[in-house]
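Accompanying notes for the structure given below.
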Amino acid sequence: ADYRRIFPAVQSFLTMKIDRVVDLSVPLTAETQVYPGDPTVAFTPHRSIAADGFNLLAVTMGSQSGTHVDAPYHFDDATPRIDEVPLERFVGIGVIVDARDAGERGRITTRHLAGVLDRLAPGVIVLLHTGWSAHYGTERYFDHPYLDREACALLLERGVRTIGIDAINLDETPDDAHPGEGFPSHHLIAEATGIIIENLTNLAAIESEHPLISVLPLAFVGADGAPVRAVAIEAA
């Protein structure tokens with residue numbers, strides 16, 4: 001991948017000792033916060049040790065419950081579904097963008113990308129750190145910062161194809177007072193057959209400048225997206 005030109009240390013990453021694995025995922029429970037109108041998460045005991053000799057849950061949830069990835073198909077019928085996307089899209093060196101000053105319903109703009117422009121290349125995974133995961137589970141979580149169309153276009157021009165955010169939506173989440181702009185970043189990324197990661201958390205715990213990010217999805221056939229166990233792997 002092209003990012004090896006920018007991160008020489010990646011050449012020997014697999015020979016290094018794994019120092020930390022940082023969990024970037026929200027838990028899936030009946031209290032999992034979902035996008036307005038999406039299916040809620042439910043775990044129902046289906047078998048038990050007392051009755052059947054083993055435990056088994058029946059699980060009900062949406063394809064984009066909790067920390068998840070969007071396939072291009074989420075916003076474009078003519079593009080790949082989640083099981084058709086190359087797995088390379090879901091593993092790569094992370095570039096953390098500090099956007100904590102964007103604020104409530106604030107735009108993440110090209111200004112926020114200025115400090116990492118030399119690190120943007122095909123194969124990297126860009127994570128937008130807004131700090132908004134602190135509001136997870138509250139109504140304020142829907143008033144999150146979001147990626148500006150121009151900034152999204154710049155990331156795609158640099159070859160980035162996987163972009164994540166510690167909020168419920170990469171675009172502005174519309175409500176009665178905020179109609180939104182028609183999900184421009186979702187459309188741009190879908191057209192580029194890229195991947196979106198949403199509902200990340202714990203980005204502040206990443207200490208490495210070049211963490212290996214894994215957001216491998218469940219292999220839902222024909223789906224618009226799937227839950228992931230997102231992690232940052234740091235090498236000593």
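Model, not experiment: these values are computed from the prediction.
Using a 4.0 Å cut-off between charged nitrogen and carboxylate oxygen, R107 and E181 count as a salt-bridge pair. The pair R20-E207 meets the salt-bridge criterion, with a side-chain N (NZ, NE, NH1 or NH2) lying under 4.0 Å from an Asp/Glu carboxylate O. A salt bridge between D166 and R100 is absent, with no side-chain N of the basic residue lying under 4.0 Å from a carboxylate O of the acidic one. Using a cutoff of 4.0 Å between basic side-chain nitrogens and carboxylate oxygens, D148 and R111 are not scored as salt-bridged.
Residues L120 and L155 have side chains in contact (heavy-atom distance under 4.5 Å, counting atoms from C-beta outward). Taking 4.5 Å as the limit, every side-chain heavy atom of T40 sits out of range of all side-chain heavy atoms of M61. Between L170 and I163 there is a side-chain heavy-atom pair separated by less than 4.5 Å. Inter-residue side-chain proximity for T60 and V41 is flagged as unmet; no heavy-atom pair is nearer than 4.5 Å. Residues L57 and H46 form no side-chain contact, since every pair of their non-hydrogen atoms from C-beta on lies 4.5 Å or further apart. Using a 4.5 Å cut-off on side-chain heavy atoms (C-beta onward), V215 and I195 make no contact.
A donor and an acceptor atom, one from each side chain of H68 and E198, are located under 3.5 Å apart. At a cut-off of 3.5 Å, with distance as the only test, a side-chain donor of D171 or H186 sits close to an acceptor on the other residue. Between the side chains of H74 and Q64, at least one donor N or O sits under 3.5 Å from an acceptor N or O. S63 and D224 share a donor-acceptor pair across their side chains, judged by distance under 3.5 Å alone.
In this structure, S214 contributes its side chain and V231 its backbone to no donor-acceptor pair below 3.5 Å. A donor-acceptor pair under 3.5 Å links the side-chain atoms of D52 to the main chain of S48, judged by distance alone.
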Under the side-chain contact (heavy atoms from CB on, under 4.5 Å) rule, what do L28 and F43 come out as? Steps first, then yes or no, please. CA-CA 9 Å; L28 284 168; F43 293 163; 4.3 Å; yes

Using side-chain contact (heavy atoms from CB on, under 4.5 Å), reason through V95 and L127 one step at a time and then give a plain yes or no. CA-CA 6 Å; V95 175; L127 302 181; over 6 Å; no

Residue pair F220, R81: steps toward the side-chain contact (heavy atoms from CB on, under 4.5 Å) verdict: CA-CA 9 Å; F220 286 174; R81 304 179 187 213; over 6 Å; no

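Just one residue in the list D23, V26, L24 forms a side chain to side chain contact (heavy atoms under 4.5 Å, CB included) with T67, and that residue is V26. Screening V228, D70, I197 against P217 for a side chain to side chain contact (heavy atoms under 4.5 Å, CB included) leaves a single residue, V228.
Taking the ring axis of F54 as reference, the NZ or CZ atom of R47 does not stay both within 45° of it and closer than 6.0 Å to the ring centre.
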